[in-house]
Amino acid sequence: MNLDECYHRRTIVHFDLDAFYVACERELNPALLNQPVAVSQYNPHGNLQETHSSEIEKRLLLKPEPQATNRPLPHGDTNGSMIAVSYEARRQGVKRGDRGVDAVNKCPGLFIVQVPVKRGKADLTMYRRASNRIMESLILSILDFPGNASKRNDFKVEKASIDEIYIDLTGPVTIMTQRIHSIRDKNRNVGISSNSKAETLSNLQLWKDVIHYAKELGGTSIGGIEIMTENSQAANQLSKHEIRKGSKFQTFESTMDAGSQRWWDKPLPEWTETELHLACGSALAAFARHNVQMKFRQDNADVFTLSAGVSSNKTLAKLASGLKKPNQQTVINPSDEGALQKLFHPMPVSRLRGLGGKLGEDIMAKLNVSTVGDLAQLPLTTLEAVYSKSVDEEKSMAHHLYEISRGICMEEVSERTIEKSMSSGKTFRGALALSVSDEATVLSWISELLGSLIERLEDDYDTNTRLPGLLSLSIRVVGSHAHASKSCKAPSNLSHESFYPLIVKLYKQHCLKLEEMIQGITITASNFNVISCGKGSILNAFERMSQMSSQGLSNSSLATGSSKHASLDTDWQHLSQLQENGDNGANHVPKKHNADDTIAVGRMQSNETETRVTGKANISTFAKKRRHGTIPIENWFQSKKQSRSTSTIMSNSTVKDSSKTTSVSGGLRYEDIDQGVLAELPFHIQAMVRKEMKQLKTKRL
C-alpha cells in the first residue's frame, strides 16, 4: 500500500460546539432557550462587582419588556462587548464584538447576559466545567455506537480549545469497514467471504446503521458536490474572522441537497475505500452529536449542539466543520480532486487552519494571492524564493503552503484531553494601563491573578492528580508588540502563600522602568507532573499505622540505631527527594486508563518506594520525621473527639458484611483525622486524603 492510500484512509473528525457560551447560559436559565441571546464581557470601565454563575438574574443585564414601547438602551456597565451570539441573534445581524447599544439596535428582542466576574476579571469556571462534561459525553457516545467493538484506546482525542475537539477515528472506522467489505465483495461476486449467515446479517445491519446515522440522522453534506443554496455559497466566501464573529449566512438547513443525496444513495459496490472510511466516520460523528443533543435537552428545546467536519486530515476536517452551522456536519473527500477544487479554491487564504490573522495577511501580500486557488497555482520554487526559513525541523513554510493549498496535511491528532498549561491574565487597555511606579497596585493585580490560577490548579489536581513544575510571569508594556516572560520552578505546595513570593521575585526580574505602563499581565503554570497516588495508598497507610498502635508497638521498637529504622530513613529520604524534585515517582510507574473510558488523564499506580515506606512506618516514626521537618504527621489518628481512643478508632475502622471484612480504608471516617494536623500537611497529601474519603463516602451511599 502506498503512502497516498494510507493517507486517504485516515478518518479525522473536528467537532465544534455551536455558540457555546450562550448554550451554557441557557442550561442555567431555560428562559433563554430559543431566544436571541448574547453573552457580554464585563465593562472594565464600569463597576467590577463580583457575580457568581448561579446569580442568573443579576447577570441578566438586559431583557426585552413586552409592554414597553421604547426599550432603554445599554449604558455604563451594560454596554460591554459581545463575546458570544446565538444564531437567533446572528440572523438579525448581531456579531461578536458589537457593543450592547449596537446589538440592541440590530435586535430589539435581544437578551444580554454578562459573564461571571471574580477577582476583577471574567470567571470562566462554569464554561470550562460544561466543556468537560460535554466532551466526555461525546467520547462515550462514540463507544456506544451500535456494532462498534472498539475501546477508548483505539482512537485519539485532542482537545483544541474550550469548545472544539479533534478525534482520530481511524481505528474504529477500520474495524467497521473490514466488516462492510464482506458485503461489498459478495455484491461484486468476489466470493472471498466465509462469514456465517449470522455474521453477514450483522455486517449488513452495520452498513444500514452507517447510512441511517450519517445520512438520515446527521444529514451529512458532501463538500464540493453539493448543490448549494445562496446562503451556503455566501457562507463559503466568509473569512475566518467573519466566521468567528458570526454571520447571518450561518443558518440551519433542514433538508439535504440533491448532490449529497445522490452520493449517499449509490449502491455499495460503487463505494471507494476512502468513501467507506468517510461514511463510517460520519456515522460515528452524527451518532455522538445526536446523543449529546438529546442528553442536554430541556423543555423540548436544544441546549448544546455541535457541528462537525469529517475528512482525512485535520486541516480539511476543521474547514468542513465550519461549512454547515449550526448542528450540521460536512464531509470533504481529499481524494476527489474535482470536488476539492470546486469547494476549496474559491475560499480566502485566511480561511485555512493556521493562516488567519497577521500571518495570512502577510502571505497574501507577499505572494499577491487572495484565494486558496491562487496559492495552489504557485510552483514550489516560487514559494521557496519567498519563504526559505523552516517552520520546524522537517518542513519549510514554502512546503507547508504548497501542501495545504492542495488539501494535504500530515499532522497527527495528538492525544490531549487536558491542558498542557494554565494561565490567568488580564489586559489593561488605554487609560486602564498600570503604572510601574505604582507598585502596590501592580502587586495587588498580580495577587488577584495568582489567586484565580491557584483555584484552577486545585480543581485540576482534584481531577487529574498533577502539579505544575514551572511557573512563569509574562508582562507586556505599552508600545511593545510582545510579552516578556520570566520563569522559575513551581513550589510543591499548592497555595497562594507558596506561589506569591516567587511571582513577586519574577516581577522584580523584569526590571521595568518607573515611567513605563503595563498593558498586560499573565501568570502561567506548566510542565505538569502526575503525582503517584495508588488506590487507597494514603488510607491504607492510616490503617497500617493504626494496627501497629493497637498491637502495642512501642516507640523503642524502631530505635534510631536499628538497621530496620535506618533502612526506613533511607527510603523516606528517597521518597521526599522525589517529591522535592517534582518527580513523585511518575517516571517509575506506567499509566493506566480509567475503567469507565472517560477522557480523564490516566492515573498513576503507587510506586514501590512509597508503598514500602508507608507500609512499615508507625506513628512514632512519622512523628520523628515531623520533628526533622520532613512531614508534619504527629498524632495522625488523634480524633477531634478526645474521648475516642485508638482502640475505639480501630474497632470502627473495620466494616464487615456477610462475605468479607474490609480494612480501615472502607470504614475510616473523615472526622477521625485531626484537622489541625491535616492542615499542616503538603497540599497534595491533603488532597489525596480528601479525595479518597469522598470516593469512599459516595461508595457507601
Side-chain angles (χ1 to χ4, degrees), residues 1-16 142 154-161 164-174 176-177 214 220-225 236 240 243 272-285 307-324 329-345 347-356 359-360 372-373 375-376 380 383 391-392 394-416:
M1 182 182 295
N2 59 43
L3 179 62
D4 287 340
E5 290 175 335
C6 294
Y7 168 75
H8 289 313
R9 292 185 187 182
R10 293 195 303 170
T11 309
I12 295 174
V13 183
H14 178 261
F15 293 96
D16 189 10
I142 291 174
D154 293 332
F155 56 89
K156 292 186 290 186
V157 178
E158 179 181 338
K159 189 171 183 181
S161 70
E164 59 180 331
I165 188 171
Y166 291 96
I167 302 183
D168 186 340
L169 292 173
T170 304
V173 163
T174 300
M176 294 168 68
T177 55
T220 310
S221 298
I222 312 302
I225 69 170
N236 277 12
K240 185 180 296 184
I243 290 177
T272 67
E273 189 68 21
T274 299
E275 290 173 341
L276 280 178
H277 278 252
L278 295 175
C280 291
S282 299
L284 290 171
S307 299
V310 186
S311 192
S312 298
N313 63 60
K314 292 175 72 173
T315 294
L316 294 183
K318 166 80 170 177
L319 181 69
S321 68
L323 294 177
K324 297 281 188 177
Q329 65 183 47
T330 303
V331 164
I332 295 180
N333 183 359
S335 65
D336 188 341
E337 294 185 6
L340 186 62
Q341 290 181 11
K342 180 181 176 182
L343 171 73
F344 205 38
H345 283 190
M347 291 184 174
V349 170
S350 60
R351 187 76 174 265
L352 295 179
R353 174 175 167 266
L355 298 186
L359 176 59
V372 177
L375 184 59
L380 181 59
L383 297 174
V391 180
D392 51 44
E394 299 179 356
K395 189 181 301 181
S396 67
M397 171 64 85
H399 278 83
H400 175 67
L401 294 176
Y402 183 82
E403 291 182 351
I404 200 170
S405 65
R406 290 160 175 78
I408 300 171
C409 172
M410 302 304 296
E411 182 183 347
E412 299 285 341
V413 173
S414 302
E415 180 65 41
R416 185 174 72 245

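No experiment lies behind these values; they were computed from the predicted model shown. Note: hydrogens, waters and symmetry copies are ignored here, and every other heavy atom, side chains too, is used. Each residue takes its place number in the sequence, starting with 1.
- The backbone N or O of Thr330 sits nowhere less than 3.5 Å from a side-chain atom of Lys324 that would complete a donor-acceptor pair.
- Nearest heavy atom pair, residue Thr11 against residue Thr170, reads N-OG1, 3.0 Å.
- No side-chain N or O of Thr274 forms a donor-acceptor pair with one of His277 less than 3.5 Å apart.
- Among residues two or more places apart in sequence or in another chain, the salt bridge (charged side-chain N to carboxylate O under 4.0 Å, His left out) test is passed with Asp16 by Lys325.
- For the pair His399 and Leu380, the minimum side-chain heavy-atom distance is below 4.5 Å.
- Not counting sequence neighbours, the partners of Glu403 by the side chain to side chain contact (heavy atoms under 4.5 Å, CB included) test are Lys395, Ile408.
- Looking at residues two or more places apart in sequence or on another chain, you find no side-chain hydrogen bond (donor to acceptor under 3.5 Å, both in side chains) involving Ser405.
- For Leu340, the side chain to side chain contact (heavy atoms under 4.5 Å, CB included) test picks out Leu316, Ile332, Phe344, with sequence neighbours left out.
- Between Lys156 and Glu415, the closest heavy-atom pair is CA-OE1, 3.2 Å.
- Evaluation of the salt bridge (charged side-chain N to carboxylate O under 4.0 Å, His left out) rule for Glu158 yields Lys314, Arg416 as partners, not counting sequence neighbours.
- The side-chain heavy atoms of Gln329 and Val13, taken from C-beta on, include no pair separated by under 4.5 Å.
- In this structure, Arg9 and Thr177 have side chains that are not in contact, with every pair of non-hydrogen atoms separated by 4.5 Å or more.
- No side-chain heavy atom of Ile225 sits less than 4.5 Å from a side-chain heavy atom of Asn333.
- For Glu337, the CD atom sits in a loose shell: 12 or fewer heavy atoms of surrounding residues, nucleotides or ligands are nearer than 6.0 Å.
- For Leu359, the side chain to side chain contact (heavy atoms under 4.5 Å, CB included) test picks out Leu355, Ile363, Met397, with sequence neighbours left out.
- Taking both residues in full, the closest heavy atoms of Ala317 and Ser311 are given as N-CB, 3.8 Å, listed atom of the first, atom of the second, then distance.
- At a threshold of 4.5 Å between non-hydrogen side-chain atoms, the residues Asn313 and Arg10 count as touching.
- Glu411 places a side-chain heavy atom less than 4.5 Å from the side chain of Arg353.
- The side-chain heavy atoms of Leu383 and Leu375, taken from C-beta on, include a pair separated by under 4.5 Å.
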